[in-house]
Amino acid sequence: MLEQKILNIKTRATGDIKKSQSEKGLFDLRVKYLGRKSEFNKILKSLKNLSLEEKKKIGPLANAVKKEIGEEIKNAEKIIKSKINLETEKIDVTAPGKKIKRGHLHPLTIVQNEIEDIFTSMGFEIADGPEVETEFYAFDALNIPKNHPARDAWDTFWLKPMNNEQRTMNNNKPVASDRLALRPHTSPVQARYMRKHKPPFRIIAPGRCFRNEATDSSHEHTFNQFEALVVGDDINAGHFKYVGQEFFSRFFKKELKVRLRPSFFPFTEPSFEFDISCVVCGGKGCSICSQTGWLEIGGAGMVNQTVFEAVGYPRNRYQGFAWGFGVERLAMMRYKIDDIRLFYSGDLRFIDQF
Ligand code: PHE
């Protein structure tokens, strides 16, 4: 009789466990079938009243059934848990991805890379020079002598000359030029390159420049220039005009007209201002070009023979053209930026747009 009771409990328990769908349900079943107040526990407690013979028979059965029910509940719990995991860890492959923030190039770097690509594809090499420049390369070698009023055209940040203590540290050796400056243009790279190389060559020299002047929407104390220098036996202004037109048509991806106007720079003779037809109105006249149809791009000219002499070339042996323009100006035209000061402002709302 007792044996039958135990087996019945087992059958009921197994049925209930199979039907149970939740962890809570299984917990309740454990209480119901194996808990202190359960029918099964009562049976176990009553075993002590049985005869020795019966004890031997029922005892192991009761224990075995208790163990089985416990295991069935455990297994059922495992299955339910793994189902829950499947639910919560399921991946929705159609969900929109999370955007990962990546770094990017500064607009000036983008423009500079593009300029370099166009020039190198035309056979130009890239030259480099220091941002802290000697007075000789910044001015004298470029036919801008000391105390000459032409120097006023470049508002220069001069660095303090060496003091006595520094000179002593330099073993009292005199230095070629005590005076150093933050270079106010990239033209010193012309002289540096020519001192080391023999024509013919074509180079570009991009780089940072500095001017000691008040800032406004089109002037900044720190800016970038782009120098081009082509020297050979018979380089003439026609070569310059062609290279200029080709470069700007490629940069703005449209056919542009170019115009040279007479100008003055100590290191070029003759000198020009270089204009391109307005990239916005195509030359008809608009607010960007102040109704003139033209945009001023930079200074240029045929390299002054005095500069050739200063770098050690014989006078009238070579001819070449030099050209300098502002990288910010091009970036501003390309991206329609109306204030040059934004480039180095460090304002991420501006930078993040590129
Ligand atoms: N270096 C000149 C400037 O910054 C520009 C220039 C370069 C002019 C080369 C002529 C030739 O104003």
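All ligand and atom numbering here is 1-based and tracks the order in the structure.
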Exercise. Relative to the heavy atoms of W154, which atoms of ligand 1 are at a distance of less than 4.0 Å?
Worked result: 3 (C), 4 (O), 12 (O)

Problem set entry | W323 contact mode with ligand 1 (heavy-atom cut-off under 4.0 Å) | backbone

Exercise. Considering A322, A153, S187, which one's heavy-atom position lies nearest to atom 1 (N) of ligand 1?
Worked result: S187

Exercise. Is it true that E220 and R341 have a side-chain N and a carboxylate O under 4.0 angstrom from each other?
Worked result: no

Problem set entry | Geometric cation-pi criterion, R334 with F251: 6.0 Å, 45° | yes

Exercise. Does the side chain of E269 pick up a donor-acceptor pair with the side chain of Q305 at under 3.5 Å?
Worked result: no

For this session: For atom 7 (C) of ligand 1, grab the closest protein heavy atom and report residue, atom and distance to one decimal in Å.
Result: G324 N, 3.3 Å

Problem set entry | Closest protein heavy atom to atom 9 (C) of ligand 1, given as residue, atom name and distance to 0.1 Å | E227 OE2, 3.4 Å

Problem set entry | Test of proximity, T268 against ligand 1: N or O pairs below 3.5 Å | no

Problem set entry | N/O donor-acceptor pair under 3.5 Å between D275 side chain and W294 backbone | no

Exercise. If we only count N/O pairs under 3.5 Å, is Q225 in contact with ligand 1?
Worked result: yes

Problem set entry | Element-labelled atoms of ligand 1 that are located less than 4.0 Å from some non-hydrogen atom of A300 | 8 (C), 10 (C), 11 (C)

Problem set entry | Ring centre gap for Y33 and F40 strictly below 6.0 Å | no

Problem set entry | Check: T186/R208 side-chain N/O donor and acceptor closer than 3.5 Å | no

Exercise. Do any N/O atoms on H185 end up under 3.5 angstrom from N/O atoms on ligand 1?
Worked result: yes

Exercise. Does the separation of the ring centres of F223 and F210 fall below 6.0 angstrom?
Worked result: no

Exercise. So, does E273 sit close enough to ligand 1 that a heavy atom of it is under 4.0 Å from the ligand?
Worked result: no

Problem set entry | Contact with ligand 1 for F325, non-hydrogen, under 4.0 angstrom | no

Exercise. What part of R211 sits under 4.0 Å from ligand 1 if we count only heavy atoms: the side chain, the backbone, both or neither?
Worked result: side chain

Problem set entry | Positive for side chain to side chain contact (heavy atoms under 4.5 Å, CB included) with I69, one of L29, D16, I17 | I17

